[in-house]
Amino acid sequence: MQLEWKVGYTTGVTELDDQHRHLFSLFNDLGRLIDQGVYDSPEVDALLESLGTVVQQHFAHEEGCMSRRCCPMAEKNKQEHDQFLQLYLDFQRAFSMEKSLDSLADFHQTAGSTLMEHICFVDIHLRNCVNPGEN
Ligand SMILES: [Fe+2]
Ligand SMILES: [Fe+2]
C-alpha cells in the first residue's frame, strides 16, 4: 500500500503538513521494501526507528498546536496518538523477537490506514482554528 498525499489533508499549519508528507514518504519507503520481499534487514530496522522518532516528534508538536489554539479535537487527537504509539510499540516489540514479512506487511497496512484516517478525521479540524500558512 502506498499513501498518497492529497490537498484535502491540509491542516493549515505548514510545518504539520510537511511532517505529514514526511511520514507518508517513510511509509512508502517501507512499502517499497515490503513489495520487494525485504523484511529482515538493517534498512527495514532503520526505517522503523525513524518512523517511531518522526511520529513521536510530530505528535508532540501537533498536540501543542491544538492545545494552544483550544482546538475542540485536541483531546481526541491525543487519545488517537497514544493508541497509534501503542500499536507501533507493540509491533516493534514483537518484530524484534520474531521477524516475518507477513507481520511487517500487516503493520504497514494497519498503521498506514490508521494514520491516513486520523489525518482525515481529526487533524484537519485544525484548519478551523488557524490562519492559512501558520506554523
Ligand atoms: Fe494528530
Ligand atoms: Fe498529524
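Counting convention: from 1, in listed order, for ligands and their atoms alike.
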- Just wondering, is there an N, O or S atom on H81 that's nearer than 2.8 Å to the Fe ion (ligand 1)? yes
- Flag the pair Y39 / D102 as yes when at least one side-chain heavy-atom distance between them is below 4.5 Å, and no otherwise. no
- Item | Atom of D123 closest to the Fe ion (ligand 1), considering N, O or S atoms | OD1
- Message: Closer than 3.5 angstrom, by distance alone: can the side chain of R69 be matched with the main-chain N or O of V130 as a donor-acceptor pair?
- Response: no
- Using 30° and 60° as the class limits, which term best fits the ring planes of F59 and F84: parallel, tilted or perpendicular? perpendicular
- Trace of the salt bridge (charged side-chain N to carboxylate O under 4.0 Å, His left out) decision for D123 with K76: CA-CA 10 Å; D123 291 351; K76 187 173 174 59; over 6 Å; no
- H20 near the Fe ion (ligand 2): N/O/S under 2.8 Å: yes
- Query: Can you check whether V13's main-chain N or O pairs, donor with acceptor, with T11's side chain at less than 3.5 Å?
  - Reply: yes
- Which word best sums up how the rings of H20 and H58 line up, parallel for under 30°, tilted for 30 to 60°, or perpendicular for over 60°? perpendicular
- 2.8 Å cut-off met by an N, O or S atom of E63 to the Fe ion (ligand 1): no
- Query: Under 2.8 Å from the Fe ion (ligand 2), is there an N/O/S atom belonging to H118?
  - Reply: no
- Task: May I ask you to check if any N/O/S atom from M66 comes under 2.8 Å of the Fe ion (ligand 1)?
- Result: no
- Query: Of all N, O or S atoms in E62, which has the smallest distance to the Fe ion (ligand 1)?
  - Reply: OE1
